A.B. asks: 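Below you will find the structure I want to go over with you.
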Amino acid sequence: MAEPPLLRVSDVTVRFGGLTALDRVSFTAGHGEVLGVIGPNGAGKTTLFNVVCGFQQAQEGSLRWRGQVLRGHSPHRLAALGITRTLQGLGLFGHCTVLDNVMIGADRHARTGGLAGFFGLRRTAREDRALRERAMAVLADLGIDGHRDALPGALPYGLAKRVALARALVAEPDLLLLDEPAGGLSEQDMEDLGSRVRHLAESMAVVLVEHHMDLVMKVCDRVVVLDFGRVIADGTPAQVQADPAVTEAYLGAVPRA
Ligand SMILES: Nc1ncnc2c1ncn2[C@@H]1O[C@H](COP(=O)(O)OP(=O)(O)OP(=O)(O)O)[C@@H](O)[C@H]1O
């Protein structure tokens, strides 16, 4: 029997009062795949990201991870499942060094997770050393190991974004969720991000919620397009670009805004 996709989102509906932010949204994300989620302002992208992360509960529908329904899905259980995320902006601890920020992301592997793991309360010296080595390896892979002792605020934005990515990668996820990773990046940083995401997809699935169309079209294997909370297209970049419903959603967004 065929393996189930890593993540299956089925008929997810989220309402805020009278407003339906997500309307029976379904899609899958599979190993080795970069899936883009796009849509005009207010289409439901952030809400969808929040549902997958467990920040937001869906009123209807389900999430399946490796074929199993996720119940009581919450953000602090994500890394243990093998799912990590970067948020819009940085989300880093300003008073912690780059290395400590990255080590915080590793609770999937540390024996003690969360804050206890972070403060080293019950982590053994050996676990701590292994975690430090893994964090340093991820920093080196992203070309920022030279900044391990810096505070994130002292780094240029593009490098600080890489720290946020390193923190998501140190837990060695099977699914990486990126919420607007290109926001605030220079052209060059965006190029680097694009090749990095392609490289990452060799060992995991990546879901990319993004406004920068060039990046999405260049990097994604498949693109899901939302409009008014509904999936209006799901296909390759070429297919969604040629889809009149997608063009209309984006053109229609101008007077709507
Ligand atoms: N907590 C909330 N309470 C009420 N309405 C909300 C809430 N969060 C989102 N919405 C509404 O749900 C809809 C979808 O919003 P969402 O932020 O998910 O869209 P988006 O595609 O991420 O938009 P953008 O591209 O502008 O970030 C919008 O109409 C928004 O105003």
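In listed order, ligands and their atoms are each counted from 1. Just so we're clear, the structure is a prediction, and the values are computed from it rather than from any experiment.
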A.B. asks: Taking Ala168's backbone N and O only, do any of them form a donor-acceptor pair with Thr84's side chain (distance below 3.5 Å, no angle check)?
C.D. replies: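 Looks like yes, one N/O pair under 3.5 Å.
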A.B. asks: Protein heavy atoms near atom 9 (C) of ligand 1, is at least one of them under 4.0 angstrom away?
C.D. replies: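 Yes.
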A.B. asks: Considering only non-hydrogen protein atoms, determine which one is nearest to atom 18 (O) of ligand 1 and report residue, atom name and distance to 0.1 Å.
C.D. replies: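 Answer, as residue, atom name and distance: Thr47 OG1, 2.5 Å.
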A.B. asks: Using a 4.0 Å cut-off to any heavy atom of His211, which atoms of ligand 1 qualify?
C.D. replies: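 In order of number, 25 (O).
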A.B. asks: Counting only heavy atoms, which portion of Leu19 has something under 4.0 Å from ligand 1: side chain, backbone, both, or neither?
C.D. replies: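 Leu19 to ligand 1: side-chain contact only, backbone stays beyond 4.0 Å.
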A.B. asks: Does this structure show an ion pair linking Asp234 with Arg222, if we count only N-O contacts that are shorter than 4.0 Å?
C.D. replies: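 Here Asp234 pairs with Arg222 in a salt bridge, since their nearest N and O are under 4.0 Å apart.
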A.B. asks: Considering non-hydrogen atoms of the protein only, which is the closest contact for atom 25 (O) of ligand 1, and what is the distance?
C.D. replies: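 Looking only at protein heavy atoms, the one closest to atom 25 (O) of ligand 1 is Lys45 NZ, 2.7 Å.
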A.B. asks: Tell me if a side-chain donor or acceptor on Arg148 pairs with a main-chain N or O of Met136 at a distance below 3.5 Å.
C.D. replies: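 Absent.
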A.B. asks: For atom 6 (C) of ligand 1, what is the closest protein heavy atom, and at what distance to 0.1 Å?
C.D. replies: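 I find the closest protein heavy atom is Phe16 CD1, 3.2 Å.
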A.B. asks: Can you tell me which residue and heavy atom of the protein come closest to atom 22 (O) of ligand 1, and the distance to 0.1 Å?
C.D. replies: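 Sorting protein heavy atoms by distance from atom 22 (O) of ligand 1 puts Thr46 OG1, 2.7 Å first.
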A.B. asks: Could you tell me whether atom 20 (P) of ligand 1 has at least one protein heavy atom nearer than 4.0 Å?
C.D. replies: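 Neighbour list for atom 20 (P) of ligand 1 includes protein heavy atoms (cut-off 4.0 Å).
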A.B. asks: Decide salt bridge (Lys or Arg N to Asp or Glu O under 4.0 Å) for Asp221 and Arg198; before the verdict, give the C-alpha distance in whole Å, the side-chain angles of both, and the deciding distance to 0.1 Å.
C.D. replies: CA-CA 10 Å; Asp221 299 298; Arg198 281 306 333 164; 3.2 Å; yes
A.B. asks: Could you check Leu226, Val25, Leu208, Val216 and say which one makes a side chain to side chain contact (heavy atoms under 4.5 Å, CB included) with Val37?
C.D. replies: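 Among Leu226, Val25, Leu208, Val216, the one meeting side chain to side chain contact (heavy atoms under 4.5 Å, CB included) with Val37 is Leu226.
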A.B. asks: My understanding is that we take every heavy atom of each candidate and find the minimum distance to atom 14 (C) of ligand 1. Doing that for Pro40, Gly42, Gly17, which one comes out nearest?
C.D. replies: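 Answer by nearest heavy atom: Gly42.
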A.B. asks: Which one of Leu92, Thr86, Leu90 satisfies the side chain to side chain contact (heavy atoms under 4.5 Å, CB included) criterion with Arg167?
C.D. replies: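 Only match with Arg167 under side chain to side chain contact (heavy atoms under 4.5 Å, CB included): Leu92.
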A.B. asks: Do Asp179 and Arg85 pass the salt bridge (Lys or Arg N to Asp or Glu O under 4.0 Å) test, and can you show the C-alpha distance, the side-chain angles, and the key distance before you say yes or no?
C.D. replies: CA-CA 8 Å; Asp179 194 4; Arg85 63 183 191 264; over 6 Å; no
A.B. asks: If you count the atoms of ligand 1 from 1 in the order shown, which ones are under 4.0 Å from a heavy atom of Ala43?
C.D. replies: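 Counting atoms of ligand 1 from 1, those under 4.0 Å from Ala43 are 19 (O), 20 (P), 21 (O).
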A.B. asks: Does Gly44 come within less than 4.0 Å of ligand 1, judged by its heavy atoms?
C.D. replies: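 True for this residue.
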A.B. asks: With a 6.0 Å cut-off (strictly less than), is the heavy-atom count around CG of Asp214, excluding the residue itself, greater than 12?
C.D. replies: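 Count not over threshold, so no.
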